[in-house]
Amino acid sequence: MWDRLAASDPGLLRLTAGLRTVTAIALTLAVLAALRVPVSQLVAGAMAAMVATFAIREKQRGPQAVTLALGLPVALASVSLGALLSQRVVAGDLFFVVLIFCAVYGRRFGDRGTALGLIGFQVYFLSLFVRAAVSGLPELYGVICVAFACSAAARFVLLPQTPAGTLDRLRRAFRARLAQLIAAQTELLDAGPDDVEKVLEDLRTGTARLHETALMIQGRLEDGTSDPAVARLLQRRIADAEIAAERLGLLLLTARSAERTDTLTLHLPGAPLPSGGELPVRDEATAALRRDLKALRVLMLRPAGEASGTALAQVRNRLLGYREEENLPDAAPAVQDVFRGLGEAARASLGLRVALDGPQDESDDSPATARSREELDAEDAAIETSEESEPAEAEPAGLKRPTTRAAVQVAVGSLLAIAGGELLSGQRWYWAVLTCWIVFINTASTGEILVKGYRRLLGTVLGVVAGIGLAGLVGHHTWTAFALVLVFIFAMFYTAPLSYTLMSFFVTAMLGLLYTLLNTYSTAVLVLRIEETALGAACGVFAAAVVLPVHTDRRTNDLLVAALDRLAEVTRGAVDQLSGGAGGDLVEQARELDQALADLRAATQPLTHPITPLRSRRDTARYVVALLETCAYHGRSLAATAELLPTHPSIAADPRLRGACGRIVHNIEAIAAHVADPRSTGEIETGPSIASMLEPGSLRTPRYGRVTDRVLRHLQRLDEAVSGLARPLGVTGGPAQPRR
């Protein structure tokens, strides 16, 4: 069960965020209740504690403490201005707009600027919510100070979280998700015709979730490790394990098929299973394959302290033995390929275990295992600790800077929301402003804002229904209502990364209880919240579409070009190194490619959302992203293989690869140029397969396995995927030009 929890919540980040916020609020309520403050101040304290806890984004404890300390005077100033301006409508509204502009503009200063802007805005909103008056400011000052102190206690004493601890939990999550993916692959082995589509979908989901965890680990390596060499080693081993697991799934799919499986099958939702449908023969080899898949899952799951003993050592030795041709069972070639994949996955597991848990007991090693350890040691020694820092790209200035543009947009939208909100209600108009503010958080295009506004409105409607029912049940039972508020706050933070609609539902249901506590609850108030939410979302979308707009097409095109540029860099570097040159830091280049793809995937959500009326456009966007993920998989695999070149006896550099693969890089660059400027006249080049362009015998025969064949296979598939990418993007093709 713990492994399942670790896999569903990598790093336990959502669980920690929810528990820490609830703990801070509960501690604040306990202290304030002991001081016998009125209910309105209890509500203010709970809201202040929540803001002080979730606003802090830094990963290191020192910067967190500094930001929290700076946030207290910001909160006190904000609540003071809210109370002072509460009776001056025009001045108060204008100041609120200026505050919103500054809060959004502050994002350009990093996590601290974002946190202080969020605290200033939310505490000003708090003053409006509890109707703060100048006469009650001393009591509110005390409440806010208690809330910040309790937030600090929850963060640094009761539920401390260090970057190293988070990274360790992320590594456990990676293991758990790796084991879940292998379990899905085992199910694929025996799935009948009626079950295979569901199992294939589980396989796609497991592959995507494993990649998500790998990206999360890569994003925290720098903070979670003290030695750059250790960080690079972990990054390398995580990438190796991910590639090996994905390759094993592809080989299993191919073994079930009458022809080689296209990599796109694992990345495109709804893609059908290739022709065939089940393994060619159910014999001893298939039984051994089933057994060894289960054994691999056990090896992946168990940390070093639980994986000792002769039995597991023998299992590991058997799996690593499949890297030797003479140890492969007598079976069809496609099934033998799966056993080879098992051997490579076992090697990746061994490398991951050594990187995560340190040196292992080698007394029971077989010759194949000893050879794998030697290869891993040689690779570890070859990792360079020095990295040249590349100059940072110049940030756009003026209104072209994203933070400035967003600040202007949200300020205009807030002005409209204030005007419209006042017409709906002179007392609850701030709900429209809050929605307008929120739809701009973590969004960068008009389409993203539209989808986020829709999700918030849907969650609000559902939350109003729940709030009406809960208000009737709870009545005036103060502490029962506060207990439910804590439950909803935990659910809000736990579900926020998964579903914005669910988060909005829990927020609105919680507000219904808070209104009950403040004796201001009525069905009309909650219905008014729906109206204000709809108005705020509409104002946000209007401002984003009219004021300095960034259309979804433009943003996705920019991110698509960035992803293609990263793909070209990885491919060029890997091929250069495989050809005998110096390819640069391929692991870092592969990481940048993955991050560019993640940004593109997030930006295309408005295009692929179920509510979009443009079905063909949605299908095209999904197809392009899936093709890019396929290209990225082959690019990562080439980079990982190229980095083995100095130490691996089965890989030999071949200068002819550079000329044969120049077509791939040219085609990627031609597609990127066309996306950046549709008037570009560049064409992709077509011609014979990559393998046929190399003379027989130009690549040395490997001593172990078929790593050289794999290089050609990845290059061929990358060439095909890039050519396939040209069609939906409208890039024409022509015959290949002569290359050296």
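Values reported hereafter were calculated over all heavy atoms of this structure, with side chains retained and with hydrogens, waters and symmetry mates removed. What you see is a predicted model, and the numbers here were worked out from it, not measured in a lab.
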side-chain contact (heavy atoms from CB on, under 4.5 Å) evaluation trace for Ile684 with Val722:
CA-CA 9 Å; Ile684 66 167; Val722 170; 5.9 Å; no
Identify the two heavy atoms, one from Leu248 and one from Val338, that lie closest to each other, and give their separation to 0.1 Å.
CD1-O, 3.8 Å
Test Val624 against Thr604 for side-chain contact (heavy atoms from CB on, under 4.5 Å), laying out the working first.
CA-CA 10 Å; Val624 168; Thr604 56; over 6 Å; no
When you measure from the side chain of Asn317 to the backbone N and O of Ala313, does any donor-acceptor pair fall under 3.5 Å?
yes
Where Leu586 and Ala642 come nearest, the two heavy atoms and their spacing:
CD1-CB, 3.6 Å
When rounded to the nearest 0.5 Å, the distance separating CG of Leu376 from CG of Asp240 is 8.5 Å
What's the shortest heavy-atom distance between Val570 and Gly635, and which atoms?
CG1-O, 3.4 Å
To the nearest 0.5 Å, how far apart are CG in Leu12 and CG in Leu170?
8.5 Å
Apply the test salt bridge (charged side-chain N to carboxylate O under 4.0 Å, His left out) to residues Asp168 and Arg171: give CA-CA distance (whole Å), side-chain angles for both, the deciding distance (0.1 Å), then the verdict.
CA-CA 5 Å; Asp168 185 65; Arg171 295 191 303 230; 3.2 Å; yes
Starting from the C-alpha separation in whole Å, work towards a yes-or-no answer on salt bridge (charged side-chain N to carboxylate O under 4.0 Å, His left out) for Lys198 and Glu201.
CA-CA 5 Å; Lys198 179 183 180 302; Glu201 189 57 40; over 6 Å; no
Side-chain heavy atoms of Glu325 within contact of Leu328, under 4.5 Å
yes
Just by distance, do the side chain of Arg237 and the backbone of Leu352 share a donor-acceptor pair under 3.5 Å?
no
With heavy-atom distances below 4.5 Å as the criterion, would you say the side chains of Val575 and Val665 are in contact?
no
Point-to-point distance, once rounded to the nearest 0.5 Å, from CZ of Arg727 to OH of Tyr623:
5.5 Å
What do the steps show when you test Arg373 against Asp377 for salt bridge (charged side-chain N to carboxylate O under 4.0 Å, His left out), and what is the final call?
CA-CA 6 Å; Arg373 287 192 191 276; Asp377 291 342; over 6 Å; no
Report yes if the side chains of Leu181 and Met300 come closer than 4.5 Å at any heavy-atom pair, otherwise no.
no
Asn327 side chain to Gly321 main-chain N or O, any donor-acceptor pair under 3.5 Å?
yes
Test salt bridge (charged side-chain N to carboxylate O under 4.0 Å, His left out) applied to Glu669 and Arg572, step by step:
CA-CA 11 Å; Glu669 293 174 343; Arg572 186 186 298 109; 2.4 Å; yes
Under a 3.5 Å distance rule, please check whether Gln336 uses its side chain to pair with a backbone N or O of Asp330 as donor and acceptor.
no
Strictly distance-based, threshold 3.5 Å: is any side-chain N or O of Asp202 a donor or acceptor partner for the main-chain N or O of Ala184?
no
Under the criterion side-chain contact (heavy atoms from CB on, under 4.5 Å), I'd like the reasoning laid out for Leu560 against Leu729: C-alpha separation, chi angles, the key distance, then a yes or no.
CA-CA 11 Å; Leu560 177 55; Leu729 295 177; 4.1 Å; yes
Side-chain donor/acceptor of Arg353 to backbone N/O of Leu299, under 3.5 Å
yes
Between CZ of Arg169 and CZ of Arg220, what distance do you get to the nearest 0.5 Å?
9.5 Å
Within the structure provided, determine whether Leu188 and Leu253 are in side-chain contact (heavy-atom separation under 4.5 Å).
yes
Can you tell which of Arg636, Arg622, Arg601 makes a salt bridge (charged side-chain N to carboxylate O under 4.0 Å, His left out) with Glu629?
Arg601
Taking the basic N atoms (NZ, or NE/NH1/NH2) and the acidic carboxylate oxygens, is any pair closer than 4.0 Å for Arg340 and Asp337?
yes
Considering non-hydrogen atoms only, spot the tightest contact between Ala672 and Val561 and give its length.
O-CG2, 3.7 Å
Charged N-O contact under 4.0 Å between Glu720 and Arg717:
yes
Below 4.5 Å, heavy atoms only, C-beta onward: do Leu498 and Arg14 meet side chain to side chain?
yes
Has the side chain of Ser349 got a donor or acceptor atom that lies under 3.5 Å from a matching backbone atom of Ala345?
no
I want to check something: taking the side chain as every heavy atom from C-beta on, are Leu320 and Asp365 in contact at a cut-off of under 4.5 Å?
no
So Gln314 and Arg318, do their side chains get closer than 4.5 Å, heavy atoms only?
no
Do the side chains of Asp594 and Arg566 get close enough for a salt bridge, i.e. N-O under 4.0 angstrom?
no
Considering all heavy atoms, the nearest Leu293-Ile182 contact:
O-CG2, 3.4 Å
Among Asp292, Leu319, Leu251, which residue meets the side chain to side chain contact (heavy atoms under 4.5 Å, CB included) test with Phe339?
Asp292
So, taking the atom named CZ in Arg663 and the one named CG in Leu715, what distance separates them when rounded to the nearest 0.5 Å?
10.5 Å
Across all chains, not counting sequence neighbours, the side chain to side chain donor-acceptor pair (under 3.5 Å) partners of His211 are Glu242
Do Tyr633 and Arg247 pass the side-chain contact (heavy atoms from CB on, under 4.5 Å) test, and can you show the C-alpha distance, the side-chain angles, and the key distance before you say yes or no?
CA-CA 9 Å; Tyr633 162 70; Arg247 182 187 301 125; 3.3 Å; yes
Would a 4.5 Å heavy-atom cut-off, applied to side chains only, mark Leu564 and Leu725 as touching?
yes
Under 3.5 Å, is there a donor-acceptor pair between the side chain of Asn667 and the main chain of Glu685?
yes
Taking Arg177 for the side chain and Arg209 for the main chain, is one N or O donor matched with an acceptor at less than 3.5 Å?
yes
Taken to the nearest 0.5 Å, the spacing of Gln235 CD from Ile238 CD1 works out to 9.5 Å
Closest heavy-atom pair and its distance - Cys631, Ala721:
SG-CB, 3.5 Å
Side chains of Ser372 and Thr369, donor plus acceptor under 3.5 Å:
no
